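Data block below; observations after.
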There are 2 protein chains.
Amino acid sequence: MGTPLPRDPIADAQRNWERHGWGDVAAPMAAITAIMRTQQILLARIETVLKPFGLTFARYELLALLSFARSGALPMNKASALLQVHPTSVTNAVDRLEKAALVVRSPHPTDGRTTLIELTADGRTLAKKATAALNAEVFGKSGFGDDDVDHLIRVLGTFRRDAGDFTEE
Amino acid sequence: MGTPLPRDPIADAQRNWERHGWGDVAAPMAAITAIMRTQQILLARIETVLKPFGLTFARYELLALLSFARSGALPMNKASALLQVHPTSVTNAVDRLEKAALVVRSPHPTDGRTTLIELTADGRTLAKKATAALNAEVFGKSGFGDDDVDHLIRVLGTFRRDAGDFTEE
DNA sequence: GCAATATACTAGGACATCCAAGGGTTTGGA
DNA sequence: TCCAAACCCTTGGATGTCCTAGTATATTGC
């Protein structure tokens with residue numbers, strides 16, 4: 001996107017907030033903005049690694065999810081719930097994965113409304129390769145210290161639970 | 001997107017990673033995935049608050065940035081750099097803000113290549129109102145504890161610096 | 001048993017993001 | 001001085017996300 005800025009734009013924003021009398025929410029604003037930007041950076045790294053495999057993160061996530069399912073198949077609505085994205089996003093991803101012969105749609109044996117997404121042999125192979133690449137290039141080089149990783153998992157886990165993502169734990 | 005899941009899908013993914021022999025990167029994977037999901041939740045909250053103002057987060061960010069500029073105007077490339085998004089994204093946002101009469105494009109006085117984005121009176125008013133709403137509804141109710149906010153700012157700040165977002169500090 | 005309600009997926013549309021490419025403007029080195 | 005390289009913005013295209021509706025299938029309740 002360009003050259004590094006001389007100063008942290010988010011820290012600047014936080015100062016601006018304080019300067020305008022919003023000091024009480026300046027810090028959370030900065031933290032939230034930092035999360036948004038960090039996500040953007042991470043997503044870009046991930047997409048870069050996946051590009052050679054012809055995958056995007058959305059499609060990879062679906063592939064990875066299927067590869068962990070016992071039978072290598074899941075109903076679309078199940079996938080939507082587990083990936084926590086809108087059903088139409090899953091439809092979109094499946095359309096493209098199916099076109100690439102990485103998954104197949106098949107009717108649910110007992111429920112006529114439901115469509116199963118099944119991993120093909122190619123899909124399973126590609127998922128493995130892509131996972132290895134992501135592990136090596138992104139997750140293995142996250143840049144976060146071990147303590148910070150633990151902290152992030154804990155804090156964001158609480159946040160997600162409070163936001164209604166899940167109940168238990 | 002729906003009802004809460006019985007279990008944390010990211011914790012499940014982490015267990016799957018460990019089960020498949022990728023224990024060394026399972027934790028960072030979980031932390032990164034949690035950041036992605038948290039961003040999604042926060043963005044949804046923000047967009048919900050901004051919708052009544054006819055704004056999206058991208059447009060709000062631009063408006064807020066302009067409202068902090070001395071003259072209420074910035075060159076497009078400056079805005080692109082500070083918001084850390086692609087120039088075309090700024091073009092897109094300005095197109096829509098201009099259509100809503102919240103900003104105006106004007107030629108740069110000395111550099112014929114550059115276009116200035118100027119806040120209109122309406123734009124400045126709306127920015128103030130939208131900021132008040134976000135402060136009250138999102139940043140003021142982030143759900144993060146003060147210590148966690150500080151930790152996030154610090155850890156993500158280091159991450160962003162290492163990623164090349166900025167140099168100093 | 002049948003109508004009303006709920007659920008599952010898809011089609012179409014609005015937005016945002018990025019990349020690649022094109023046209024205009026400046027700058028800088030030969 | 002002058003042309004090539006650098007820079008700025010926009011257009012067009014690919015993706016992804018969500019929402020709203022519409023169609024088809026199940027389930028419920030009377």
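Model, not experiment: these values are computed from the prediction. Lettering of chains follows the sequences in order, A, B, ..., and the numbering in each one begins at 1.
- Scanning for side-chain hydrogen bond (donor to acceptor under 3.5 Å, both in side chains) contacts around R45(A) gives an empty result, with sequence neighbours left out.
- With dT10(C), dT15(D), dT17(C) as the choices, the nucleotide that has an atom nearest any side-chain atom of R96(A) turns out to be dT15(D).
- Side-chain N/O atoms of T91(B) include one lying less than 4.0 angstrom from OP1 or OP2 on dT10(D).
- Distance, I46(A) CD1 to dG16(D) C1': 14 Å, rounded to whole Å.
- An OP1 or OP2 oxygen of dG16(D) is reached within less than 4.0 angstrom by no side-chain nitrogen or oxygen of Q40(B).
- Between the CD atom of E47(A) and the C1' atom of dA16(C) there is a distance of 14 Å, given to the nearest Å.
- Remark: P of dG16(D) and CD of Q39(A) are 14 Å apart, rounded to the nearest angstrom.
- Evaluation of the ring-ring contact (aromatic ring centres under 6.0 Å, His included) rule for F57(A) yields no partner, not counting sequence neighbours.
- In this structure, the side chains of H151(B) and V155(A) stay at 4.5 Å or more apart for every pair of heavy atoms.
- Per the geometry, CG belonging to D95(A) stands 7 Å off P belonging to dT10(C), to the nearest Å.
- Atom NE2 in H86(A) sits roughly 15 Å away from atom P in dA11(C) (whole-Å rounding).
- Listed by chain and residue number, E118(A) satisfy the side-chain hydrogen bond (donor to acceptor under 3.5 Å, both in side chains) test with S106(A) (two or more places apart in sequence, or in another chain).
- The CZ atom of R96(B) sits 12.5 Å away from atom CG of L55(B), with the distance rounded to the nearest 0.5 Å.
- Qualifying side-chain hydrogen bond (donor to acceptor under 3.5 Å, both in side chains) partners for E47(B), counting only residues two or more places apart in sequence or in other chains: none.
- If you check residues 50-78 of chain B against DNA chain D, the residues with a heavy atom closer than 4.0 Å are M76(B), N77(B), listed by number.
- Phosphate contact (OP1/OP2 of dC18(C), side-chain N/O of S89(B), threshold under 4.0 Å): present.
- Scanning for salt bridge (Lys or Arg N to Asp or Glu O under 4.0 Å) contacts around R160(A) gives D8(B), with sequence neighbours left out.
- Near-neighbour residues of DNA chain C inside residues 98-119 of chain A, defined by a heavy atom below 4.0 Å, number-ordered: R105(A), R113(A), T114(A), T115(A).
- Judged by distance alone with a 3.5 Å cut-off, a donor-acceptor contact links the side chain of T88(A) to the base of dC19(D).
- Between the P atom of dT17(D) and the CG atom of L42(B) lies a distance of 17 Å, rounded to the nearest Å.
- Atoms CG (L43(B)) and C1' (dA16(C)) sit 9 Å apart, rounded to a whole Å.
- Per the geometry, CG belonging to N92(B) stands 11 Å off C1' belonging to dA14(C), to the nearest Å.
- The list of side chain to side chain donor-acceptor pair (under 3.5 Å) pairs with a residue in residues 119-132 of chain B, not counting sequence neighbours, reads Y60(B)-T131(B).
- Pairs of residues two or more places apart, or lying in two chains, that qualify as side chain to side chain donor-acceptor pair (under 3.5 Å) and include a residue from residues 18-28 of chain A are N16(A)-R19(A).
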